[in-house]
Asks: 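The structure that follows is given in the form of structure tokens.
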Amino acid sequence: MVFFPGSGPAIHVLDLRKTYAVTDREAGVTAALGSLVKRRTKEVTAVNQISFEVAPGEVVGFLGPNGAGKTTTLKMLSGLLYPTSGTVEVWGHVPWKRNKAYLRQISLVMGQRNQLVWDIPASDSFELNRAIYRIPQPEFRSMLASLTELLELEPLLRKPVRNLSLGERMKCEIAAALLHRPRVLFLDEPTIGLDVTAQRRIRTFIAEYNQRYEATVLLTSHYMADVEALCKRVIVIHHGKLLFDGDLASLVERFSPYKTIVVQLEELQAVEVDLTRYGYIVSNIDGRVTLRVPKLETASVTGRLLADLAVTDLTVEEPPIEEVIEQVFSEGVTVQ
Amino acid sequence: MSGWIGIYRAQFKTSFAQQLQYRVSLVLWLLGLVLEPTVVLVVWTTVARSHGGAVGGYDAAGFAAYFIIQMVVNHITFNWVAWDFQERIRLGNFSPLLLRPIHPIHIDIADNITYKILTSVVMFPATIGLIIAFQPAMHPPLWAILAFGPALLIAWALRFACEWALAMVAFWTTQVAAINNLYYLVMLFMSGTVVPLSLLPFPVQVVAGILPFRWMMAFPIELLLGRLSVTDALLSFGVQLLWLGLSLGILAVTWRIGIKRYSAVGA
Amino acid sequence: MSYLRLIWVFFRLGIINVLQYRANFLAQLLSTFLGLVSALGGLAVVFSYTDNLDGWKPFELVGLVGVYFLVGGLLSLLIRPSMERFMRDVREGTLDFTLMKPEDSQLLVSIKQIEIWKLLDIGLGIVLLVVSLVQLGNAIGLGQVLAFVIALMVGATIVYSFLLMLATCAFWFTRVDNILVIFQSMYEAGRWPVNIYPPWLRSSLTFLVPIAFAITVPAEGLTGRLTWQTLAEAVGLAVVLALLSRWFWRFGLRHYTGASA
């Protein structure tokens, strides 16, 4: 990890841990009556000894299935939750102390929660934020102008928020979160429930914001497209544990268990020859054969194909990232 | 300082815009506010009549004056923060408030004041109507009339602080309604809302004297009715301010432990 | 009789749902108890200064308060929560689920939501009524009991129809989410016999928001004050309101489904 000389990491997390006590309830009337008298609790570990550091200006993606601990981690970093144990420092602040100076530098955007006031136009909520964050007028105006341009907010600003579609509302929420130009941006599932165009717009926007203002961005998402578009570095979390921390390319490189070879053959040959000798056949249409081959055998299989058959075209591909991630989850391998 | 003025100005604009959208609902809430003192007024006037005209120093006109002023004082001092708090937590709207660099109490203050201003448009004619219907009589000295304003203001602040501190119970339980009911029961009787304190049995009056509620309601009412001597009034102001200070302290403490609790469990 | 079975099903669901929460149970117990203390406390203070309120003796008023809790409990058990739920469904667009079910929509909407704890209020009301009857001792003949029961049923019908009409307004006024507050506030006034109120308030509580029929009239029945004339008027009003509210409901439903997008 290379940091800018003279400045430490923007975010420093060490052995972060968060546990909850949850009541154990069963269905049915007798169980319900029982719970009136005695209550059983069990302890759930949401985040289990996570450590990582983020340099200023980095965009990091958190990947993990539901309940993995991504949102909990983000809430601890933004100061909403305090951990059971461990250390967190963001630009030298301890988040859950919730210093005003700290709060002015960060922003948390949560997919389903709103900070915009429901019944009034978004621009009124922006004005309120301007006052609360004490943004000087000229800066506020220029920031609002660039946000309006980047997110295409012009037609939306004067409509009451309740009349906006989900995508439009999300854009306004993000704009509201960035008016005070936070140095650190926490995004929790920012594109959830949005249509493809809106998703793309928001991704482009976040990349621009990061570029222009050198903000550090931590992003959680289900959508690989979000992560692929924005994050060079990913952290994979599962069952509260950190499984992988590195760049996306090496994640795929290391964990893809197989590669895909696509060969273009003459149709007759594609039908007659027994291709299972080379690998698992995914599809075989009009002479275009897709084979799945264990990674280590890729070179040898490729060689044999070229030698044995009349190949007009051949490509070697990585499997879709989703499948790689699934692999990482199911094997639960810990790296780094 | 200018930062705060800016914040409040923006907050007021938001509250006004928002509440105006629900103006019919606002008026409906007022119904209860007007009806309750009317009902109690009639009951006590009936009692007075059957008791030979007056009860405990209040005749029909005296009761009318008491309860009409009570309606006004209640309108100015009441708030609904406990309900707001519970709703925010339930709907998940509380966390975003914690991320802002100002204390969430300021929103509630602005909302409260905005509501009072908007609804005075209706309360004013309602008060006139009741005055015509029930013919109150009172003889306050000038200094009492002047002192009423500050007493009312401190009463508002005291009630706001107490109920905001109470609202934090929402961090520990979802049964806020039950706790609120308990609070309101005690407040109804001990503040002079449903019956002038001097009509309560003596032991109850003693208890009412050591609770903060009479300084939220009965004190401003009795002041404006002209039933307090100057010494009484000055002493009362002193106690009122004492309670205000105490409740602000309790508010600060409960907020601190409340936030700790919220941050540990369910942000 | 499938209607009764339907009601029982919703009831059972309500019970299971609600037994899960121990704190809730205790809190509800507390709330009912507090309501009792408040009502009786008020009576106690009043009767420390006089021995009758416009002709009503202390234990007659205890009976009135009993009716107040009984009727209030019945309304808050099923009708009021269901109406509130209905209004919210209209606002949030989830009414369609109910409308697609193969049962009469008015019935479904009226029993959708149960607040099972209000059984405590109903129990309390009955206890107060019994106490009042015991203390009043004499002269509770069959006629009075009959008058009481009829007045109670008639009052419940009147109030149900009224609440239904108020709630039906939600088809048009989606922004007024607390329209039932009109009823709630005025119901509080029913804790005292409406005869003590000045004429303008008395008529409001009789014809505008029919609280009088819900509480005072049954209480009058119990204490032998009720004239057959008044009772007949009440029955007449109940029939008219039931028909009117049903018509208004169907009118509103047509408007809603016609305009839904």
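Model, not experiment: these values are computed from the prediction. Lettering of chains follows the sequences in order, A, B, ..., and the numbering in each one begins at 1.
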Asks: Give a yes or no on this: more than 12 heavy atoms of other residues, nucleotides or ligands lie within 6.0 Å of atom CZ of B:Phe12.
Replies: yes
Asks: Can you confirm whether C:Val45 sits close enough to B:Val204 that some side-chain heavy atom of one is under 4.5 Å from a side-chain heavy atom of the other?
Replies: no
Asks: Taking side chain as C-beta onward, heavy atoms only, is C:Asn178 less than 4.5 Å from B:Trp29?
Replies: yes
Asks: Just checking B:Lys13: does its NZ atom have more than 12 heavy atoms from other residues, nucleotides or ligands closer to it than 6.0 angstrom?
Replies: no
Asks: Please state whether the side chain, the backbone, both or neither of B:Gln21 comes within less than 4.5 Å of a heavy atom of chain C.
Replies: both
Asks: Using every non-hydrogen atom in the two residues, find where B:Ala178 and C:Ser31 come nearest and quote the distance to one decimal.
Replies: CA-OG, 3.7 Å
Asks: Relative to chain C, which of B:Val195, B:Val194, B:Val24, B:Leu182 shows the most heavy atom pairs under 4.5 Å?
Replies: B:Leu182
Asks: Based on non-hydrogen pairs under 4.5 Å, which of C:Val37, C:Leu53, C:Leu201, C:Asp51 is most in contact with chain B?
Replies: C:Leu53
Asks: Decide yes or no for B:Leu35 and C:Met186: does some side-chain heavy atom of the first lie under 4.5 Å from some side-chain heavy atom of the second?
Replies: yes
Asks: Atom CD1 in C:Ile196, atom CH2 in B:Trp44: separation rounded to 0.5 Å?
Replies: 11.5 Å
Asks: Would you call C:Pro198 and B:Val42 a side-chain contact if the rule is heavy atoms closer than 4.5 Å?
Replies: yes
Asks: Is it the case that atom NZ in C:Lys57 sees more than 12 heavy atoms from other parts of the structure closer than 6.0 Å?
Replies: no
Asks: Can you tell me how far OH of C:Tyr197 sits from OG1 of B:Thr45, rounded to the nearest 0.5 angstrom?
Replies: 11.5 Å
Asks: Find the distance between CG (B:Asn180) and CG (C:Leu34) and round it off to the nearest 0.5 Å.
Replies: 11.0 Å
Asks: Without hydrogens or angle criteria, can the side chains of B:Thr46 and C:Asp54 be said to hold a donor-acceptor pair below 3.5 Å?
Replies: no
Asks: For C:Trp172, does the CH2 atom have more than 12 heavy-atom neighbours from other residues, nucleotides or ligands under 6.0 Å away?
Replies: yes
Asks: I'd like to know if the side chain of C:Tyr49 reaches the main chain of B:Leu199, judged simply by a donor and an acceptor atom lying under 3.5 Å from each other, with no hydrogens or angles considered.
Replies: yes
Asks: Examine whether an atom of C:Leu29 lies under 4.5 Å from a heavy atom of chain B, and if so say whether it belongs to the side chain, the backbone or both; otherwise answer neither.
Replies: neither
Asks: How long is the gap from CD1 on C:Ile182 to CG on B:Leu31, to the nearest 0.5 Å?
Replies: 6.5 Å
Asks: Side chain, backbone, both or neither: which part of B:Tyr184 has a non-hydrogen atom closer than 4.5 Å to chain C?
Replies: neither
Asks: Among B:Val55, B:Leu188, B:Val43, which residue forms the greatest number of heavy-atom pairs with chain C at distances under 4.5 Å?
Replies: B:Val43
Asks: Pair B:Phe189, C:Ser38 - check side-chain contact (heavy atoms from CB on, under 4.5 Å), show working.
Replies: CA-CA 8 Å; B:Phe189 282 96; C:Ser38 175; 4.2 Å; yes
Asks: Stepwise, does the side-chain contact (heavy atoms from CB on, under 4.5 Å) test hold for B:Asn181 with C:Leu30?
Replies: CA-CA 9 Å; B:Asn181 285 346; C:Leu30 182 66; over 6 Å; no
